[in-house]
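Before any comments, here is the structure.
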There are 2 protein chains.
Amino acid sequence: MAESKSVNLTKRATYELRQRIIHGGLPGGTRLYEVALSEDLQISRTPVREAMSRLAEEGLLERAPGGGFQVRSFTLRDVTDAIELRGVLEGTAARLAAEQGAEPRALAEIGAILDRLDACFATGTVGAIDFDGYSELNAQFHTRLAELCQSPVILRELERVKSLPFASPSAFVLGSNENARSFHSLVVAQVQHRAMVQAIERREGARAEAIAREHARIARANLESTFVTDAQTPEAMPGIALIVREGRPG
Amino acid sequence: MAESKSVNLTKRATYELRQRIIHGGLPGGTRLYEVALSEDLQISRTPVREAMSRLAEEGLLERAPGGGFQVRSFTLRDVTDAIELRGVLEGTAARLAAEQGAEPRALAEIGAILDRLDACFATGTVGAIDFDGYSELNAQFHTRLAELCQSPVILRELERVKSLPFASPSAFVLGSNENARSFHSLVVAQVQHRAMVQAIERREGARAEAIAREHARIARANLESTFVTDAQTPEAMPGIALIVREGRPG
DNA sequence: GCCTTCGGGAATGTATACATTCACTGTATA
DNA sequence: TATACAGTGAATGTATACATTCCCGAAGGC
């Protein structure tokens with residue numbers, strides 16, 4: 001998939017490894033051996049090592065006790081906690097934005113995104129929903145909203161949590177197949193979007209924070225039902241292959 | 001400083017670099033050049049590179065746009081946000097612990113730590129406070145309290161935030177010189193410690209969360225006053241050398 | 001005089017040889 | 001039979017040579 005890029009080998013190795021991890025080619029707990037990977041990827045040990053280091057920063061790998069790396073494994077509990085954590089961080093960003101006041105210009109731009117989100121399912125017919133468009137705009141909305149607090153530190157940690165594919169704000173959108181339940185989810189989510197912006201405008205910090213948390217819990221509920229229902233289909237939701245069944249493997 | 005350990009060179013380079021960063025030898029924004037560092041540390045490029053990568057994971061370095069690393073620089077705003085973030089995360093851990101119920105055994109152990117904390121300043125005379133003992137026990141308390149929520153994901157992010165020296169729960173203790181104000185801080189902090197544990201025991205999640213946040217704000221206030229008052233003394237608080245004065249340098 | 005291009009140097013990127021460490025296994029001895 | 005020691009292999013750790021890229025300055029042409 002666009003593998004023969006002219007970019008450097010570290011990036012290629014990083015990309016290839018990330019793909020394998022997310023799509024389940026390297027299950028959680030798998031120990032990654034430099035030499036084996038090098039031969040497999042046809043890339044020398046140095047860039048492979050560098051790639052693993054970056055993926056550890058990203059949170060997909062963890063450093064093994066005796067040196068080396070292994071694929072991080074996530075239980076369902078870990079995943080729900082990560083989503084809860086995203087809600088907490090987005091809530092904090094929203095609260096801070098409300099407390100210190102957001103720039104009108106930025107708020108207007110966010111309002112425009114909300115209008116475009118409305119358009120993605122304005123017809124009211126389930127089959128006509130533009131899921132891809134909604135997903136993209138939804139990601140934009142969450143990014144812009146978080147930026148309102150003007151805090152690089154908060155932003156950074158939020159980006160870190162969102163980098164786990166199942167914890168990103170748009171994960172639940174792609175996971176939703178075309179049914180009435182997912183339609184209702186989108187309607188509720190959009191109402192919460194507008195409520196969050198309104199709360200920030202009115203300097204209602206506690207309300208903004210509470211809504212952001214509850215908003216994330218839509219994703220949590222959606223993931224839990226997806227995990228139970230469509231357990232067999234590996235591509236039901238991005239990154240679902242990362243989730244292990246049992247308690248906590250090596 | 002215990003430099004000639006028999007451990008591997010990566011760890012030695014990591015330690016040495018971290019020390020230099022924390023103590024101001026490498027100010028925020030400094031670009032780190034592999035060759036120069038290698039020659040300076042008398043260690044080849046490979047372990048130096050590895051060390052920088054780990055310090056980037058730790059949050060003390062950041063990857064520069066065109067490759068390489070530079071020392072991360074923190075404004076006062078960044079620091080207060082990091083402390084606020086710690087309060088938010090500790091508050092979340094406390095709330096989750098309260099909601100799901102904590103193990104009595106773990107709570108008893110935390111109670112024992114609290115008793116020992118009391119002993120550090122039981123005499124009521126300012127000069128007799130055992131600051132080092134308090135600092136150590138305080139760190140233990142915060143770690144154990146966070147563990148009550150049984151969430152590796154939350155723990156991991158909390159450890160990440162606490163790894164910034166000025167954001168650790170004990171930073172403000174060492175920063176406090178022997179004056180009446182710091183004595184009052186410790187008294188208030190200890191009252192909050194007991195209140196947090198009580199709230200968790202009683203399943204009062206919202207209260208536990210609120211107290212944890214307010215608790216962190218003691219550290220924030222203490223840092224702000226330290227930064228203004230003792231600006232000249234570099235060792236007024238661990239990691240204070242990391243904080244830059246102006247807006248946001250390269 | 002200004003713009004463009006070519007060259008050189010310094011930085012990171014890459015490959016690979018060699019070092020070290022640690023665990024596993026097999027054998028020998030008590 | 002059990003334990004201890006030594007050998008062997010595979011893994012990461014380390015050093016270093018070489019490649020590549022990019023910036024910057026100087027020189028030459030327009």
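Convention: sequence-line order gives letters A, B, ...; per-chain numbering from 1. Any value given below was found using the heavy atoms of this structure, including those in side chains, with hydrogens, waters and symmetry copies removed.
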How would you summarise protein contacts on nucleotides 12-19 of chain C per nucleotide, using B for base, S for sugar-phosphate only and - for none, with heavy-atom distances below 4.0 Å?
BBBBBB--
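- Applying the ring-ring contact (aromatic ring centres under 6.0 Å, His included) criterion to A:Y134, with sequence neighbours excluded, gives A:F121.
- Taking the charged nitrogens against the carboxylate oxygens, B:E147 and B:R144 do have a contact shorter than 4.0 Å, which makes a salt bridge.
- Ion pair B:E109/B:R105 flagged as a salt bridge, since at least one NZ, NE, NH1 or NH2 atom sits closer than 4.0 Å to an Asp/Glu carboxylate oxygen.
- Fit an axis to the five pairs at each end of the helix from C:dG1-D:dC30 to C:dA30-D:dT1 and the two axes sit 0° apart, to the nearest 10 degrees.
- Listed by first then second residue, pairs satisfying salt bridge (Lys or Arg N to Asp or Glu O under 4.0 Å) with a partner in residues 25-35 of chain B read B:E34-B:R45, B:E34-B:R49, not counting sequence neighbours.
- Judged as a salt bridge (Lys or Arg N to Asp or Glu O under 4.0 Å), the pairs with a partner in residues 64-77 of chain A (not counting sequence neighbours) are, in order, A:R77-A:D81.
- Contacts of A:R116 classified as side-chain hydrogen bond (donor to acceptor under 3.5 Å, both in side chains), with partners at least two apart in sequence or in another chain: none.
- A salt bridge does not link B:R54 to B:E58: none of the charged nitrogens lies less than 4.0 Å from a carboxylate oxygen.
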